[in-house]
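Have a look at the structure below, then the notes.
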Amino acid sequence: MSKSKDFLRTIVENDLKSGKYKEIVTRFPPEPNGFPHIGHAKSIVINFGIANDYQGHCNLRMDDTNPTTEDTKYVEALKDAVEWLGFNWGKSVCFTSDYFPKLYDYAVELIKMDKAYVDSLGEDEIREYRGSVTEDGKRSKYAKRSIEENLDLFERMKKGEFAEGEHVLRAKIDMCADNMKMRDPLLYRIKHAHHFRAGDEWSVYPMYDFAHCLSDYIEGVSHSICTLEFENNRDVYNWVLETLGVELPRPNQHEFARLNINYTVMSKRKLLELVESGQVSGWDDPRLPTIAGYKRRGYTPESILTFCSQIGVAKANSMVDVSQLEFCIRDDLNKKAPRVMCILDPLKITIENYEGRETINAPYYPDDIAKDGLREIPFSKEIYIDRGDFMEQPPKGYYRLTPEQPVRLKHAYIISCKEIIKDANGNISEIKAEYYPESKSGFDTSDIKVKSAIQWVDATQAKTIEVRLYDRLFKDEAPDGLKDINPNSLQVIKNALIEPAVITEKFDERFQFEREGYFYADPIDYTDENPVFNKIVGLKDSWNKKKKTISNTSNKPQTKKVQIDGEVVAMSNKQQALFNRYTVNLGLNNEVANTLARDEKLSNFYEETLTTLNSPVALANIVANEVARELKQIQKDTLKFNAKQISELVKMIDNEIVSNKIAKQIFEQMAKTGENPTKIVEDKGLIQISDPAKILPIIDEIIANNPDNVAKFKAGNKKLLGFFVGQVLKTTDGKANPKVVNSLVTKKLK
RNA sequence: UGGGGUAUCGCCAAGCGGUAAGGCACUAGUUUUUGGUACUGGUAUUCGGGGGUUCGAAUCCCUCUACCCCAUCCA
């Protein structure tokens, strides 16, 4: 299978390896306030998929903390979606509302720790007090309430003694936090609402930030996977669990980018807008990206699953092309769907030299699909073909029926056009044709060459069906709202003609209508009297595409984005002085000097190394690059190594005891353990090999083992030098002197 | 504007200092009684821009730019 793991699986594997968790538990935690869409499918596939991959478990949890928006019908829709996709949540569905009593107790605990307080500020004041992204907030005067008073008030809130909005429970964190979410987030609010499960028992309801982390913890979740917009909430998530001091192991939150697909909308608000405005027929309209919509349209769960695994998981906001989804359903149905003939836009053909009627046996699947199945197709003098399959004046490259060009009726005979009958307006109303009796499919001895075989139906035996052709709902790739809607997203054909076996035999519910696309018997509107088929997706159509590209003179704008360089902040006088000294007196290059001079911690560290070794440039390089990294990660003054050790390391490089490459390795070890570089070198035997006599045999071997790459290199692919050097370094555990190796390899391969 | 993220082909996406994976789309050809399928090839001298470190940088350092998220008693 695919060897590359996504970043979430990498995290999970590391956590398993390090023993952080013994078992992997994930959860899919929607709020039951809307119908699931394909974005939910992505989340389902990730959460259940990871649990399956690592022999863990995934809970289905309804995050039902807001009684005013939620309903049990959404719970059912969500359950249905998970089931349809083939996943199993185990014994029962979890509900955050089941944890309300526990959650309440945790809140009381927080109050007792003086980490939460009842705030009685109004809604507007709370907002005002929160400050803004650039200004600090200020704490409410109610934060000073005593623990006893808070306890009393909170209990009375629960009992329903106060009106909505009168009080809230807030965490006592930091009103000046850079992260706005940490400015004393609300934990509980009063709501005198009926909860669809908890009834009227509660007057206070927990907020997401309080309920979610604790629900995860209560369920023993190890990896709490959510979408990117919750990144800021992670601090609160951890604060609550940390402050409450819950037992280890605790769940950890990880975020991924939500799914976007072009030419459609995914947000609850926009979807609702479509449904309520009547632009679509309901939540299961086949044009909608809802699970119900895809289901109604005829998508298979397998195709959605493949799609989700094909698009991968990452942290970059992205917009997936619909064609990727369409490929998945086409690919799935190609292997599964029986082929039948249906005429969407009938044109009558009378075969003048045919008399009587016959029945043709035709397989449901083409030769390249290893499946059995046969149906009978009636054939007679009068048939219908698709209007698009005849042209009086065809363009170049047209393979179908023309006055000069014969065509095969799929599974039947070859015909050619004898006469075109037109109506008063000059539109073609009928074709008189002639067939070749010896050209019958499977018994063809006619030796007539045709360019294509087209679908047809018998005029008297064909059944009339309704076909609903769906196109993308929006004409804009990233639609904003109703204004971008595609007015032609639904085309209903009331009188399409189909071969009778489809209706009488009901061999399957999904068919390929040959040369048209895949269609699905509508699960709701289909009746025996009025059969209805939905178009799932069209076939790839390279002829149609070719026509378009001929008419459309391709014009690519091909504008390359221009990058504007912003202004660099000016150096302070002190920094400028330092910069001058570094460049002029010590001979550092501008960039390194700049880096050092602008960072006080770095320059201090650098100054310190200078006192122990007189090698300003080499020291500066390692401080500005390697030390800078450590300093960035650790921030504090908790570096495990000191300036003297850096000098020691640089001295070894200067004396060519170790290579730069090895030095990096040593540095890493040093940063981790604080060991002396000389000791690390001794322990691991890292002294570099510069003796050509030792290196040459290795090079010879590698050259002998990689004749292809040698040839490529000699052909001019100079990048491969790195490959050879890399191989030598690899076989010597990085100890070979790369400079020496480089020159030796170059010489050898000349 | 403070903080948190992200940037690799037209669209997704691997890659974590040593030859720029893969899928979709596109394209050329072979097979074909579906202009489908299948098969074979072609598609990034370059990783948002500019510098630096290194024998060697998509990967490390500096810097700039663009986009996304955060100031609901929603989740």
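Keep in mind it's a predicted model, so treat the numbers as computed, not measured. Below, chain A is the first sequence line, B the second, and so on; all start at residue 1.
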Notebook entry, point to check: In whole Å, what separates the C1' atom of B:rC11 from that of B:rA57?
Noted result: 27 Å
Next item on the list: Rounded to whole angstrom, note down the P distance from B:rG51 over to B:rG18.
Entry: 24 Å
Check: In whole Å, what is the span from the CG atom of A:Asp209 to the C1' atom of B:rC70?
Finding: 11 Å
Note to self: Determine whether the aromatic ring centres of residues A:Tyr188 and A:Phe154 are separated by less than 6.0 angstrom.
What the structure shows: yes
Item checked: A:Asn33: side chain to side chain contact (heavy atoms under 4.5 Å, CB included) partners, not counting sequence neighbours -> A:Glu31, A:Thr69, A:Glu70, A:Lys268
Margin query: Working note: A:Asn737 + A:Ser659, criterion side chain to side chain donor-acceptor pair (under 3.5 Å); need CA distance, chi angles, decisive distance, verdict.
Written below: CA-CA 6 Å; A:Asn737 182 336; A:Ser659 64; over 6 Å; no
Margin query: I'd like to know if A:Gln727 reaches the base of B:rG18 with its side chain such that a donor and an acceptor end up less than 3.5 angstrom apart.
Written below: no
Next item on the list: Could you measure between the two P atoms, the one in B:rA58 and the one in B:rU8, and give it in whole Å?
Entry: 15 Å
Check: Nearest of B:rG2, B:rA25, B:rG49 to any side-chain atom of A:Ser323?
Finding: B:rA25
Next item on the list: Could you pull out all residues at least two apart from A:Tyr74 that satisfy ring pair (Phe, Tyr, Trp, His ring centres under 6.0 Å)?
Entry: A:Phe35
Next item on the list: Mind checking A:Asn590 for me? I need base, sugar-phosphate or nothing, with any heavy atom below 4.0 Å counting as a touch.
Entry: nothing
Note to self: Students often get this wrong, so: under 4.0 angstrom with heavy atoms, is A:Leu259 touching a base, only sugar-phosphate, or nothing?
What the structure shows: nothing
Next item on the list: Would you indicate what A:Leu729 reaches in the nucleic acid, counting non-hydrogen atoms under 4.0 angstrom: base, sugar-phosphate, or nothing?
Entry: base
Note to self: As a test of reading the structure: which of B:rC69, B:rG23, B:rC74 is closest to the side chain of A:Met207, going by heavy atoms?
What the structure shows: B:rC74
Next item on the list: Quickly, which of A:Arg515, A:Glu499, A:Glu514, A:Lys410 forms a side-chain hydrogen bond (donor to acceptor under 3.5 Å, both in side chains) with A:Gln455? Name it, please.
Entry: A:Arg515
Next item on the list: Using side chain to side chain contact (heavy atoms under 4.5 Å, CB included) as the criterion, list what pairs up with A:Asn334, not counting sequence neighbours.
Entry: A:Arg339, A:Ile369, A:Tyr518
Check: Mind checking what makes side chain to side chain contact (heavy atoms under 4.5 Å, CB included) contact with A:Ala624, not counting sequence neighbours?
Finding: A:Val592, A:Thr595, A:Leu596
Item checked: Nearest-Å distance once atom P is located in both B:rG22 and B:rU45 -> 16 Å
Note to self: Does this structure show an ion pair linking A:Lys315 with A:Glu231, if we count only N-O contacts that are shorter than 4.0 Å?
What the structure shows: yes
Next item on the list: Side chain of A:Arg127 only, please: which of B:rC73, B:rA14, B:rU27 is the nearest?
Entry: B:rC73
Note to self: What contact category does A:Val313 fall into here, base, sugar-phosphate, or nothing, at under 4.0 angstrom with non-hydrogen atoms?
What the structure shows: sugar-phosphate
Check: If you measure from the C1' atom in B:rG56 to the same atom in B:rU1, how many Å do you get, rounded?
Finding: 41 Å
Checklist line | Rounded interatomic separation in angstrom, taking CD from A:Glu477 and C1' from B:rC12 | finding: 13 Å
Next item on the list: Remember a base hit wins even if backbone is also touched, and classify A:Asn621 as base, sugar-phosphate or nothing at under 4.0 Å, heavy atoms.
Entry: sugar-phosphate
Next item on the list: May I ask you to say what A:Gly388 touches in the nucleic acid, namely base, sugar-phosphate or nothing, with a heavy-atom cut-off under 4.0 Å?
Entry: nothing
Margin query: Please report the distance separating the C1' of B:rC55 from the corresponding atom of B:rA21, rounded so that it comes out in whole Å.
Written below: 26 Å
Next item on the list: Select base, sugar-phosphate, or nothing to describe what A:Val168 touches, counting heavy atoms under 4.0 Å on all strands.
Entry: base
Item checked: Partners meeting ring pair (Phe, Tyr, Trp, His ring centres under 6.0 Å) with A:Tyr413 (sequence neighbours left out) -> A:Phe379, A:Tyr435
Next item on the list: Pick base, sugar-phosphate or nothing for A:Gly726, based on heavy-atom distances below 4.0 Å to the nucleic acid.
Entry: base
Next item on the list: Report the distance from atom NZ of A:Lys712 to atom P of B:rG18, rounded to the nearest whole Å.
Entry: 17 Å
Next item on the list: Go through the structure and list residues passing side chain to side chain donor-acceptor pair (under 3.5 Å) with A:Lys664, not counting sequence neighbours.
Entry: A:Glu626
Checklist line | Residue pairs fulfilling side-chain hydrogen bond (donor to acceptor under 3.5 Å, both in side chains) with at least one residue in residues 173-184 of chain A, sequence neighbours excluded | finding: A:Tyr117-A:Asp184, A:Arg139-A:Asp184, A:Asn179-A:Asp235
Note to self: In whole Å, I'd like the distance from the CD1 atom of A:Ile662 to the P atom of B:rG17.
What the structure shows: 14 Å
Notebook entry, point to check: Any donor-acceptor pair under 3.5 Å between the side chain of A:Asn232 and the base of B:rG3?
Noted result: yes
Next item on the list: Using a 4.0 Å heavy-atom cut-off, write out nucleotides 30-42 of chain B from 5' to 3' as B (base contacted by protein), S (sugar-phosphate only) or - (no contact).
Entry: ---BBBBB-----
Note to self: I need the full list of side-chain hydrogen bond (donor to acceptor under 3.5 Å, both in side chains) pairs touching residues 119-132 of chain A, with sequence neighbours left out, sorted by first then second residue.
What the structure shows: A:Asp119-A:Ser140, A:Asp119-A:Arg170, A:Ser120-A:Arg145, A:Ser120-A:His167, A:Asp124-A:Arg127, A:Ser132-A:Thr134, A:Ser132-A:Glu135
Notebook entry, point to check: Given that A:Asp64 and A:Gly312 both sit by RNA chain B, which one's nearest nucleotide is further toward the 5' end?
Noted result: A:Gly312
Checklist line | Whole-Å distance separating the CZ atom of A:Arg183 from the C1' atom of B:rA71 | finding: 7 Å
Next item on the list: Using a heavy-atom cut-off of under 4.0 Å over every strand shown, decide if A:Glu31 touches base, sugar-phosphate, or nothing.
Entry: sugar-phosphate
Next item on the list: Between B:rG36 and B:rA28, how far apart are the P atoms? Round to whole Å, please.
Entry: 12 Å
Enumerate the protein-to-nucleotides 5-9 of chain B contacts in which both atoms are nitrogen or oxygen and the separation is below 3.5 Å.
| from | atom 1 | to | atom 2 | distance (Å) |
| --- | --- | --- | --- | --- |
| B:rG5 | O2' | A:Glu231 | OE2 | 2.9 |

Notebook entry, point to check: How is A:Ser132 classified with respect to the nucleic acid when contacts are heavy atoms under 4.0 Å: base, sugar-phosphate, or nothing?
Noted result: base
Next item on the list: Only counting residues at least two apart or in another chain, list the ones meeting ring pair (Phe, Tyr, Trp, His ring centres under 6.0 Å) with A:Phe327.
Entry: none
Check: Which is true for A:Thr65 with a 4.0 Å heavy-atom rule: it touches a base, it touches only sugar-phosphate, or it touches nothing?
Finding: sugar-phosphate
Note to self: Just to be sure I understand the rule, does A:Val592 reach a base, reach only the sugar-phosphate, or reach nothing, if contact means heavy atoms closer than 4.0 Å?
What the structure shows: sugar-phosphate
Note to self: Using the ring centroid of each side chain, check whether A:Tyr237 and A:Phe230 are separated by less than 6.0 Å.
What the structure shows: no
Next item on the list: Calculate the interatomic distance between A:Ile126 atom CD1 and B:rC74 atom P; express it in whole Å.
Entry: 11 Å
Next item on the list: Take atom C1' in B:rG3 and the same atom in B:rU46, then report the distance between them in whole Å.
Entry: 34 Å
Notebook entry, point to check: Given atom CG of A:Asp178 and atom P of B:rG2, what is their separation to the nearest angstrom?
Noted result: 10 Å
Next item on the list: Mark up nucleotides 56-62 of chain B, 5' to 3', with B wherever a protein heavy atom is under 4.0 angstrom from a base atom, S wherever such an atom reaches only the sugar-phosphate, and - elsewhere.
Entry: -B--SBB
Check: Could you state the CG-C1' distance from A:Asp6 to B:rA14, rounded to the nearest angstrom?
Finding: 11 Å
Notebook entry, point to check: Within the structure shown, what part of the strands sits under 4.0 Å from A:Phe713 by heavy-atom distance: base, sugar-phosphate, or nothing?
Noted result: nothing
Item checked: A:Lys545/A:Asp541 salt bridge by N-O under 4.0 Å criterion -> no
Notebook entry, point to check: Contact class for A:Val320 vs. all strands (heavy atom < 4.0 Å): base, sugar-phosphate, or nothing?
Noted result: sugar-phosphate
